[in-house]
2 protein chains.
Amino acid sequence: MAKNTASSPRREQSLTRERIIEESIALLDSSGESGLTFRALAERLATGAGAIYWHIANKNDLLATACAEMVTRALQATAQQASPQDSIRAVALGLFDTIDAHPWVGSALTRAPLQSPTVHILEKLGQQVRAMGVPPQRQFAVVSALLSYILGVSVQNAANAQIGRALGGDRAALLDEVAGAWEQLDAGQFPFTRDMGAQLRAHDDRADFLAGVDLILSGIVSAPL
Amino acid sequence: MAKNTASSPRREQSLTRERIIEESIALLDSSGESGLTFRALAERLATGAGAIYWHIANKNDLLATACAEMVTRALQATAQQASPQDSIRAVALGLFDTIDAHPWVGSALTRAPLQSPTVHILEKLGQQVRAMGVPPQRQFAVVSALLSYILGVSVQNAANAQIGRALGGDRAALLDEVAGAWEQLDAGQFPFTRDMGAQLRAHDDRADFLAGVDLILSGIVSAPL
DNA sequence: ACCTGAACACCGTTCAAGT
DNA sequence: ACCTGAACACCGTTCAAGT
């Protein structure tokens, strides 16, 4: 990483697939998904837009590779825990936080399911589900539910945060606005939602996410089928 | 719906917000999300692209309104069931099937959370969660988990189906290919995924989705916290 | 009040031409 | 082998001009 020797002629920094991905991640983090354009990327790399195509197949390839890199980092960061349940919680939170910090990772995962990043997550979850003693014929459905929940909620949470940022960025004020609207809904048609204003204002997305994971974990243990 | 009388001058079919949304839905269903362009829509409506902007704020408005229409239809179609659990399953399946048949509804829901369509779903789920006897202070987190799971999995399932279609359309062949790749993974690094090939080949997305809903429902009943 | 359609400022991707 | 940058075929959105 500190080495600067290029392959053949000594150049300041030659255009490599790695450097393109690196700058793509920086661009995605700073300007979001819509900020990643070949023109903007070419400018950052001090080259022409067409040059990128020598190393990268297309925009999808660019996004998928950047996403795989982030998921690898996230999974490497989750240490082994005391119980399988705790390991599952750690993986879940690691992904939640990564996708929260890099919302574009979420959309990339949605766009390329069952690819390498997802398989790594599946494996990590599967090993813990086995350790919990779930019978073999139920393992696929159980892991599938966990994976879907984790990715689904993380992606939606990140999308919410992005929308919040686009709408001004004051989370408390935005929540308060929605909560206020809920409280003024028609009592006959929306008896439930009307009463949820206070809980919406006070809620913590990360805690609710974890509560959902726990709900599934205790469903696995109580095993209805 | 059969009436053809326009507002003031008798015209074949005047340009209305309703007609624009109707044609947008048709276009989205036939050509997918990328098929909805102002130019294609204008052609279908036999007008200019700019004319649409008189009735619709922008593309987001177009997609959000079309999405709201579809969710309303989906919720109206779910009849009252014997138990709260069954009602929740019916709502879940209704949304799963709608989003499966109209994948663009999924992306629109993700893009506009806590808007009118989501609130209607929240209300329907919330009433059943109350009927199940969940204590008030847990209701928000429980409904939130259910809603997240249902939307998250449905959206991902629809995305998968779209990708499958783009890749040739033969679901069995595609699954078989992925399953085959799983079975050849390194035994040391992927002991779990390696064994899941058969279950992946045999699995039913809709059944797995419902199994996940049941997992959450039994987690709610066994109530760890 | 509503519609037209050209114009603007963008995209991803391709490709002849260079080194 | 790799890079350049103009060109192509698109976008969403705006807006002067029409009726």
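Every chain is numbered from 1, with letters handed out A, B, ... down the list of sequences. We use all heavy atoms of the structure for the numbers below, so side chains are in, but hydrogens, waters and symmetry mates are not.
Here C:dT13 presents its P atom at 5 Å from CZ of A:Phe38, a figure rounded to the nearest Å. To the nearest angstrom, C1' of D:dC10 lies 11 Å from CZ of A:Arg39. Between the CG atom of A:Leu41 and the C1' atom of C:dT13 there is a distance of 14 Å, given to the nearest Å. Counting to the nearest Å, the P atom of D:dC11 and the CD atom of B:Glu43 are 11 Å from each other. The nearest whole Å value for the distance from the CD atom in A:Glu33 to the C1' atom in C:dC11 is 15 Å. Remark: P of D:dT14 and NE2 of B:His55 are 16 Å apart, rounded to the nearest angstrom. Summarising the geometry, the separation between CD1 on B:Ile56 and P on D:dT14 is reported as 14 Å, rounded to the nearest angstrom.
Of the candidates C:dT13, D:dC3, D:dG12, the closest approach to any side-chain atom of A:Ala51 belongs to D:dC3. Listed candidates were C:dC3, C:dT13, D:dT13. Nearest to the side chain of B:Leu15 is C:dC3.
When both pairing distances are held under 3.5 Å, C:dT19 makes a Watson-Crick or G-U pair with D:dA1. Here C:dA7 sits opposite D:dT13 as a Watson-Crick or G-U wobble pair (both hydrogen-bonding atom distances under 3.5 Å).
Between A:His120 and B:Phe190, the two ring planes are perpendicular [angle over 60°; tilted spans 30° to 60°].
For the atom pair CG of B:Leu125 and OG1 of A:Thr193, the computed distance is 9.5 Å after rounding to the nearest 0.5 Å. To the nearest 0.5 Å, the span separating NZ on A:Lys59 from OG on A:Ser24 amounts to 9.5 Å.
There is no side-chain donor-acceptor pair under 3.5 Å between A:Asp195 and A:Trp182.
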- Task: Output, in order, the C-alpha distance, side-chain angles, deciding distance and verdict of salt bridge (charged side-chain N to carboxylate O under 4.0 Å, His left out) for A:Asp100 and A:Arg206.
- Result: CA-CA 10 Å; A:Asp100 189 49; A:Arg206 200 167 181 270; over 6 Å; no
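The side chain of B:Trp54 places no N or O atom within less than 4.0 Å of a non-bridging phosphate oxygen (OP1 or OP2) of C:dC3.
In this structure, A:Gly48 and B:Tyr53 both approach DNA chain D, and ranking their closest nucleotides by distance from the 5' end singles out A:Gly48. Mapping A:Ile52 and B:Asn58 onto DNA chain D by nearest heavy atom places A:Ile52 at the nucleotide closer to the 5' end.
Within the 4.0 angstrom heavy-atom criterion, only backbone atoms of the sugar-phosphate kind lie near B:Leu36; the bases stay farther away.
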